Asks: 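Before I ask anything, here is the structure I am working with.
Every heavy atom of this structure was used, including side-chain atoms; hydrogens, water molecules and symmetry mates were not. This structure is a prediction, so every number in the text was calculated from the model and none was measured.
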Amino acid sequence: MKQNFKEIFRRMKKNKAAMIGLVIITLIILTAVFADFISPYEYGIKQNSKERLLPPSSTHLFGTDGNGRDVFTRVIHGARTSLTLGLVTTLISAVGGGVLGACAGYYGGRLDDFIMRVLDTIMCIPNMLLALSIVAALGSGIGNLLIAITISNIPVFARIIRAVVLSIVENDYIEAAKACGTRDWRIIHRHILKNAMGPIVIQATMSISKMILLAASLSFLGLGVQPPAPEWGTMLSEAREFMRRAPYLMIFPGAAIVLSVLSLNLVGDGLRDALDPRLKS
Amino acid sequence: MIRYVLKRLLLMIPVLLGVAFIVFSVMSLAPGDPARAILGENATQEQLDMLNTQLGVDQPFLIRFGTFVVNVVTKLDFGLSYNSQRPVFDEIFTRFPYTLRLAVLGVIFSSIIGISIGVFSAIKQYSPFDTISTILALFFASVPGFWFGMMLILLFALQLGLLPSNGLDTVKHYILPTLSIAIPYSAGILRLTRSTMLETVRQDYIRTAKAKGVTEWVIIWKHAFRNALLPVITQLGNVFGQLLGGAVVIETVFAIPGLGSHIVNAIRMKDTPVVMASVMLLAFFFCLVILAVDLLYAFVDPRIKAKYARR
């Protein structure tokens, strides 16, 4: 496994775009982790009517918003919210989808039919609408946003993992393991999922960026993270009010979304090329 | 072929029922008392109980779902809006065309842009044109449509004053919303078209065609493009679904009186029947699009057609 990662990284190093993506996303993660050291949270939360709508300057790099809060602080603390949401939802949906997909693929038969029917039906509801109706039923807020986008993401993972499992189950070593009397969960865990890591990691990288976008869209509609908490979508929604007077308010949170999604996509593409050199075009 | 179409149509029934069931169960998690929502704060307990009995709120879940399905199928009755007291169906039906029109325009323009540039990029692989379009596609695939829309408004409506930024009254009103969905989505289509085209031109039958002296133009459009088109068609179906869902955000940005912005308002008003019916209508429509894509596949791909013709 360790050797595998080294090999993959060696291949990825040759891919300039992927390395740029990796550097950018690492920087964004570091900013999110050390957000408090760069600029304390209270600058982004405390209202200050004297400093409303100041254009970008050396004291306020990205200017100040309608409540006199420092936009730069809000953007870097927003990175914390968005990245956490992206990571946590991806992790939960990967595990959830993984269990469902692995069971469906490994046991096959009726269980497979049932799971896949249900998931296919869920996938007939566009992602955004499913998340939206869950938020509508549970109420807005960061916790419910997390539940909503996780659920809407599970079927995608389940499908991919099922497909990978199906292709691995055919192998002789699985039959050998079965013949040795290895328990099912041990086969699934040790022999199948470890071999399926590649596609899962690619999907997970892409999923983080999708989740960041979905969370930002829902927050933009006022149904996700609630103000005054700093989140990029919420900030964009607040900025609309001042479109004429302070257009810069809309630029920075949006640019932050684009930068993080772009870098994650670059890394995802790079990983895919590195893990499956055949596909490289 | 007719049998295949009929079979697929029949299979739609359980799918639609399933979709309705999922949306219905999710929405029934919503807390609150329907009668209270309709009658307001001043209603007496008796009035509330009476209306709740009338609405069937006290019935078991499955019976409520059954009644709902029967009402929808027989009378197109999705219940009453808590907010306006009018039938939900009338309310959402007048708004649906806006959403649909935008989604169709989005699919048309994103496929024109994405497919044409994608094919040319693949033909001229590693040329400056290819490099530039690949980089632009990477960038736009990461841009959220609603933010791009806001940037377009900022530039074309507020700074230059060329185009209107909200509503959908004239043809001019359609330009910015269409662009803001078509360009980000065309990026994904471009990338897919390019990679499938590159994969197809490496196939043996392309080399055969070249060897027998078929002109470049015919090889690209007749041999390669038709084969590369299949995954792209699937992608277009998905894009359509995402546009139906994404309408929620785009319509809010451009203040378009479609179904999407209506859902958002209904969620804010806690108008559960409207949210449920709108989500269901959009999901049903997406199911139909998936079906249409599958059927289209059968027409485009002679291999699938042949499989069913023999039966």
Side-chain angles (χ1 to χ4, degrees), chain A residues 17 21 117-118 120-140 148 151-152 209 212-214 216-218 220-223 232-233 236-237 239-240 243-244 247-248 250-251 253-266 269 278-281, chain B residues 14-19 21-23 26-31 122 125 135 138-139 141-148 150-151 153-154 158-159 165 191 194-195 198-199 238 241-249 252-253 263-264 266-268 270 272 275-276 278-280 282-284 286-287 290:
Chain A
R117 278 290 142 71
V118 173
D120 281 345
T121 315
I122 296 180
M123 283 178 100
C124 280
I125 308 170
N127 229 336
M128 180 82 198
L129 289 178
L130 184 61
L132 203 70
S133 41
I134 296 173
V135 170
L138 300 179
S140 43
I151 292 178
S152 72
S209 65
I212 290 178
L213 274 180
L214 194 57
S217 309
L218 284 168
F220 175 72
L221 295 175
L223 303 171
W232 297 333
L236 283 175
S237 146
R240 278 183 75 203
M243 217 173 204
R244 273 171 206 278
Y248 55 87
M250 290 191 334
I251 294 173
I257 298 178
V258 174
L259 208 60
S260 40
V261 172
L262 179 64
S263 55
L264 283 166
N265 285 345
L266 287 175
D269 279 354
R278 254 182 335 115
L279 286 175
K280 196 166 182 188
S281 42
Chain B
V15 172
L16 292 182
L17 272 177
V19 168
F21 183 76
I22 292 168
V23 177
V26 169
M27 292 313 294
S28 61
L29 292 175
Q125 197 187 1
I135 290 174
L138 254 172
F139 176 74
S142 317
V143 172
F146 65 95
W147 183 65
F148 188 52
M150 287 160 77
M151 291 292 116
I153 292 180
L154 210 58
L158 295 182
Q159 298 288 330
S165 67
R191 275 154 57 94
R194 180 176 177 275
S195 64
L198 285 176
E199 229 167 85
N238 287 331
Q242 282 164 14
L243 287 183
L244 289 177
V248 183
V249 197
T252 307
V253 171
I263 295 180
V264 178
I267 293 178
R268 292 209 183 108
K270 302 210 183 305
T272 313
V275 179
M276 184 159 74
S278 315
V279 171
M280 255 182 223
L282 290 174
F284 284 172
F286 182 43
C287 293
I290 297 177

Asks: Heavy-atom distance under 4.5 Å to chain A: side chain of B/Ile153, backbone, both or neither?
Replies: side chain
Asks: To the closest 0.5 Å, what do you measure between CG (A/Leu223) and CD1 (B/Ile267)?
Replies: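 Rounded to the nearest 0.5 Å, the CG-CD1 separation comes out at 5.0 Å.
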Asks: For A/Asp120, is it the side chain, the backbone, both or neither that has a heavy atom under 4.5 Å from a heavy atom of chain B?
Replies: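 The answer is neither part of A/Asp120.
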Asks: When only pairs under 4.5 Å are counted, which of A/Thr121, A/Leu130, A/Val135, A/Ile257 shares the most heavy-atom pairs with chain B?
Replies: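 Counting heavy-atom pairs under 4.5 Å, the top option is A/Thr121.
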Asks: Give the member of B/Val15, B/Thr252, B/Ile263 that has the highest number of heavy-atom pairs under 4.5 Å with chain A.
Replies: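 The answer is B/Thr252.
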Asks: Determine yes or no for a side-chain-to-main-chain donor-acceptor pair under 3.5 angstrom, with A/Ser237 supplying the side chain and A/Gly233 the backbone.
Replies: no
Asks: With sequence neighbours excluded, what pairs up with A/Ala17 under the side-chain contact (heavy atoms from CB on, under 4.5 Å) test?
Replies: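 Once residues adjacent in sequence are excluded, the partners of A/Ala17 under the side-chain contact (heavy atoms from CB on, under 4.5 Å) criterion are A/Asn15, A/Leu266.
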Asks: Can you tell me which portion of B/Ile22 sits under 4.5 Å from chain A's heavy atoms? Options are side chain, backbone, both or neither.
Replies: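 Contact with chain A: side chain only.
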Asks: Report the C-alpha separation of A/Leu129 and B/Phe286 in whole Å, then their side-chain angles, then the decisive distance to 0.1 Å, and conclude whether the side-chain contact (heavy atoms from CB on, under 4.5 Å) test is met.
Replies: CA-CA 11 Å; A/Leu129 289 178; B/Phe286 182 43; over 6 Å; no
Asks: Examine whether an atom of B/Leu17 lies under 4.5 Å from a heavy atom of chain A, and if so say whether it belongs to the side chain, the backbone or both; otherwise answer neither.
Replies: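 It is neither, since no heavy atom gets under 4.5 Å.
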Asks: To the nearest 0.5 Å, tell me how far B/Glu199 CD sits from B/Arg194 CZ.
Replies: 12.0 Å
Asks: Would you compute the distance between atom CZ of A/Arg244 and atom CG of B/Leu158 and round it to the nearest 0.5 angstrom?
Replies: 5.0 Å
Asks: What distance separates A/Ser133 OG from A/Met128 CE, expressed to the nearest 0.5 Å?
Replies: 10.5 Å
Asks: Between B/Gly145, B/Ser278, B/Pro144, B/Gly18, who has the most heavy-atom pairs with chain A when the cutoff is under 4.5 Å?
Replies: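 The residue among B/Gly145, B/Ser278, B/Pro144, B/Gly18 with the greatest pair count is B/Pro144.
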Asks: Tell me, side chain or backbone of B/Ile290 under 4.5 Å from chain A's heavy atoms, or both, or neither?
Replies: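 The answer is the side chain of B/Ile290.
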Asks: Distance check, rounded to the nearest 0.5 Å: B/Leu282 atom CG versus B/Met280 atom CE?
Replies: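 Those atoms lie 11.5 Å apart.
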Asks: So what's closer than 4.5 Å to chain A heavy atoms on B/Val264: side chain, backbone, both or neither?
Replies: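 The side chain, not the backbone.
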Asks: When heavy-atom pairs shorter than 4.5 Å are enumerated against chain A, which of B/Leu244, B/Val253, B/Ile135, B/Val23 gives the highest number?
Replies: B/Val253
Asks: Can you tell me which portion of B/Thr272 sits under 4.5 Å from chain A's heavy atoms? Options are side chain, backbone, both or neither.
Replies: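 No part of it gets close to chain A.
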Asks: Is A/Ser209 in contact with chain B via its backbone, its side chain, both, or neither, using a 4.5 Å heavy-atom distance?
Replies: neither
Asks: Which atoms of B/Phe21 are under 4.5 Å from chain A, going by heavy atoms: the side chain, the backbone, both sets, or neither?
Replies: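 Contact with chain A is absent: no heavy atom of B/Phe21 under 4.5 Å.
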Asks: Starting at CD1 of A/Ile151, measure out to CG of A/Asn127 and round the result to the nearest 0.5 Å.
Replies: 12.0 Å
Asks: Heavy-atom pairs under 4.5 Å with chain B: which of A/Leu221, A/Ile251, A/Asn265 has the most?
Replies: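 Counting heavy-atom pairs under 4.5 Å, the top option is A/Leu221.
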Asks: Can you tell me which of B/Phe148, B/Phe284, B/Phe139 forms the most heavy-atom pairs within a distance under 4.5 Å of chain A?
Replies: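 Sorted descending by pairs with chain A, the first entry is B/Phe139.
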Asks: Using non-hydrogen atoms and a 4.5 Å limit, figure out which bit of B/Val275 sits close to chain A: side chain, backbone, both or neither.
Replies: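 Contact with chain A involves the side chain of B/Val275 alone.
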Asks: For the side chain of B/Trp147 and the backbone of A/Met250, is there at least one donor-acceptor N/O pair under 3.5 Å apart?
Replies: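 Between the backbone of A/Met250 and the side chain of B/Trp147 there is a qualifying donor-acceptor contact (under 3.5 Å).
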